Amino acid sequence: MNQVVEATALSVLADPTRARLVQLIRDAEGGRALVGRLAEQLGLRQPTVSHHMAALHAEGLVIRQPEGRRVWYSINPDEADRVTALVGTPAFAAEEPDWGRVADDLAARYRGVFSRETVARFLADSRNLLAATGAPLLASRAAAFAASRLDALHRTEGNSIGTPSVLFVCVQNAGRSQLAAGILRQLAGDKVTVRTAGSAPAAEVRSAIVTALDEIGITLGNEFPKPLTDETVKAADVVVTMGCGDACPVYPGRRYLDWDLDDPVGKPLSVIREIRDDIDQRVRGLLAELIGASVT
């Protein structure tokens, strides 16, 4: 496997939709599947599934097999072991992930930056924190969470490249903070580093939040609820809290904002749209302050 795939497959499969697609393809009859059938199984639109399949194909995790007007997808045989390490064995067998291999891949990504011991420690801690939330896809998500924390730690050690960093925090990291982060990522691109966390994170982002973002052309990507950690707060220039009270630690040199927003839990989609649009206006104002330009 080439080094690019080793460095990115962890984050690609942290997306719950992509991980589920990989599982469905691998466990399908004949080990291959069509986009239309995958869309039916997941209850998604075909263009959405096609977008995810393009990302998986770009990373070499799946291969395309044209057959007339149809295109079949199957797991790249060269990546079968890595897929199993990240998303589990076929048919959801309850075997323990290959944590040693996950740690090795993550250590290769941070070679020359952090020792393998440090990487393994962050991976183990991230695994335990996510396991406590009941999060699925534990291996791939723990790897992605550990990578995010290591990136944050690297920044706090004086390795900032000048890009402003914003952390959105709510209680479950499954609603308001995900809406804000999705909108800011869409508007700012690589001009702002965006992270999220929850004081008591849920296992999954709520489906209504995914729908509300999809309506305005924003995909959730590989985001999932993550616990609040010190290094993530320390790496932020701006910390935006949304109903999480005093759970977020306060460190000197950071700007703290508290956005008074309704909690979308249990609300109909019409109300969630109003919350989303309120967040959108706040995010645009914040971005204008961060990059010194108006956002239309």
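Residue numbers run from 1 in the order of the sequence given. Values below: every heavy atom of this structure, side chains too, minus hydrogens, waters and symmetry copies. Everything numeric here is computed off the predicted structure, so don't read it as measured data.
- Residues D125 and R149 meet the side-chain proximity criterion, which asks for heavy atoms closer than 4.5 Å.
- Closest non-hydrogen pair, V119 versus A103, comes out as CG1-O, 4.2 Å.
- The distance from the CZ atom of R18 to the CD atom of Q23 is 15.0 Å, given to the nearest 0.5 Å.
- Listed for the S126 side chain is a donor-acceptor partner under 3.5 Å among the backbone atoms of F122.
- Within the 4.5 Å cutoff, side-chain heavy atoms of F168 are placed close to those of W259.
- Side-chain contact between L257 and V239 is absent, with no heavy atoms from C-beta onward closer than 4.5 Å.
- The side chain to side chain contact (heavy atoms under 4.5 Å, CB included) with R176 is formed by just one residue from the set V265, I272, L261, V169; it is L261.
- A donor-acceptor pair under 3.5 Å links the side-chain atoms of Q178 to the main chain of N173, judged by distance alone.
- Using a 4.5 Å heavy-atom cutoff, the side chains of T196 and P225 are not in contact.
- Judged by the 6.0 Å distance and 45° axis criteria, R127 is positioned over the aromatic ring of W99.
- Between L38 and M53, the closest side-chain pair of non-hydrogen atoms falls below 4.5 Å.
- Considering only heavy atoms from C-beta on, T193 stays 4.5 Å or farther from D237 through its side chain.
- Under a 3.5 Å cut-off, the side chain of S148 and the backbone N or O of F145 do not form any donor-acceptor pair.
- P227 places a side-chain heavy atom less than 4.5 Å from the side chain of L130.
- Proximity of a side-chain donor or acceptor of Y73 to a complementary backbone N or O of H57 within less than 3.5 Å is not detected.
- Checking each of L21, I75, V62 against R26 for a side chain to side chain contact (heavy atoms under 4.5 Å, CB included) leaves exactly one that passes, namely I75.
- A search for salt bridge (Lys or Arg N to Asp or Glu O under 4.0 Å) contacts involving R70 returns E67, not counting sequence neighbours.
- A donor-acceptor pair under 3.5 Å is absent between the side-chain atoms of Y251 and the main chain of D230, judged by distance alone.
- Contacts of D98 classified as salt bridge (Lys or Arg N to Asp or Glu O under 4.0 Å), with partners at least two apart in sequence or in another chain: none.
- A salt bridge links R185 with E223: at least one charged nitrogen is closer than 4.0 Å to a carboxylate oxygen.
- Using a 4.5 Å heavy-atom cutoff, the side chains of T229 and T232 are in contact.
- Pairs engaging residues 203-216 under the salt bridge (Lys or Arg N to Asp or Glu O under 4.0 Å) rule: R45-D214, R141-E204, E215-R273, E215-R276 [sequence neighbours left out].
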